[in-house]
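As the structure is a prediction and not an experimental result, all values here were calculated from the model. Sequence lines set the chain letters: A, B, ... in the order given, protein chains first and strands last, and positions in each chain run from 1.
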Amino acid sequence: MIGHSIQRAEFSSPLVTRFNFGETARALEGAVIEGIRRRGKQIFFDLDLGILYVHLGMTGKLLWNVAAGKYARAILELDNGTLVYEDIRQFGRVEFFESLPEALQRAGPDALDVTFAEFHSRLKNHRGQIKPLLLNQTFVSGVGNIYADELLFAARIHPLTRASRISKRRAELLHTKLIEVLQLAIEHRGSSISDYVDGAGERGSFQQMHNVYGRGGKPCPRCGALIRKIAVAQRGTHYCPRCQRA
DNA sequence: ATCTATTCCTGGCTGC
DNA sequence: TGCAGCCAGGAATAGA
């Protein structure tokens, strides 16, 4: 898409585009895509006129040259193909900005790039529980509910552990697993539990490798104890009570 | 600073 | 077969 221009834009969801969808569509016509970036779950299309921001939320999909379905909320016709944004629940965003709003710049370092020194210094400063902290995108950008559970399992940390009380040694393991688990998930094209597909419309397979997420009541693959499911910060949280001690 | 609950949506599943 | 209730990959927001 880089170097190509948007011929026509069509938006049909005021929620996804934050109510200004007529303006958004007009603003994009004729724009040239100069680059595409990502930080955590935030996707940025750098245009000559501004920035197109995309966040998939819970059920968003970005499709390149795949026929638009019932839940298409935005369609961008480029001179070399068509990008469609689909989203059943409309918690995602496709927004145009001339410059990036301050709120979006508050995101923390990308989970794949954060150094241990930075990760550790941020971790030490938080007295709250580790699971909600991992979900906080201003702490580290890019960890969602599935991967928070999976990487806490990999690092053998109980989800309710106070962040500031995690030892340096254990923090090193958590930092290593943060990158390892996400890299492995990317290699397997993500977790397709119900809706998620990649740009070509293909499902990922990492859901088959989940150790704890979605496995409440089933045996831990490491020790056989039954995986427990609790609510933490109103999010379903799965862990092994034997491998991840409080 | 941190916590909790609520809200925005639609659809799938379960149990009656 | 219908229907109520609950749950779901996110995250902003209000109030304590």
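Nucleotide dG9(C) carries a syn base; the chi torsion (O4'-C1'-N9-C4 or O4'-C1'-N1-C2) is within 90° of 0.
Within the 3.5 Å criterion, the main-chain N or O of Thr138(A) finds a donor-acceptor partner in the side chain of Arg122(A). Proximity of a side-chain donor or acceptor of Asn20(A) to a complementary backbone N or O of Thr24(A) within less than 3.5 Å is not detected.
Nucleic acid contact class of Asn125(A) (heavy atoms, under 4.0 Å, all strands): sugar-phosphate only. Looking at heavy-atom distances under 4.0 Å, Tyr147(A) makes no contact with the nucleic acid at all. Within 4.0 Å of Arg162(A), counting heavy atoms only, lie sugar-phosphate atoms of the nucleic acid but no base atom. Leu56(A) comes within 4.0 angstrom of nothing in the nucleic acid, heavy atoms only. When heavy atoms are screened at a 4.0 angstrom cut-off, Lys229(A) is found touching the sugar-phosphate backbone but no base atom. Using a 4.0 Å heavy-atom criterion, one finds that Asp195(A) contacts the bases of the nucleic acid, with or without backbone contacts as well.
Using a 4.0 Å cut-off, no side-chain N or O of Arg93(A) falls inside it from OP1 or OP2 of dA12(C). Of the side-chain N and O atoms in Arg89(A), none sit less than 4.0 angstrom from OP1 or OP2 of dG12(B). Under 4.0 angstrom from either OP1 or OP2 of dA1(B) there lies no side-chain N or O belonging to His126(A). The phosphate of dT2(B) (OP1 or OP2) has no side-chain N or O of Lys131(A) nearer than 4.0 angstrom. Of the side-chain N and O atoms in Gln234(A), none sit less than 4.0 angstrom from OP1 or OP2 of dT6(B).
Separation of the Phe97(A) and Phe44(A) ring centroids does not fall under the 6.0 Å cut-off.
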task: Could you please spell out the steps behind the side chain to side chain contact (heavy atoms under 4.5 Å, CB included) verdict for Leu83(A) and Ile75(A)?
output: CA-CA 6 Å; Leu83(A) 184 71; Ile75(A) 300 173; over 6 Å; no
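In this structure, CD of Gln90(A) is placed 19 Å from P of dG9(C), rounded to the nearest angstrom.
Geometrically, Arg18(A) does not engage Phe96(A) in a cation-pi contact, judged by NZ or CZ lying under 6.0 Å from the ring centre and within 45° of the ring axis.
Interface remark: the Ser194(A) side chain does form a donor-acceptor pair with the dG9(C) base, using a distance-only criterion of under 3.5 Å.
The side chain of Arg235(A) lies closest to dG10(C) when the candidates are dA8(C), dG10(C), dA11(C).
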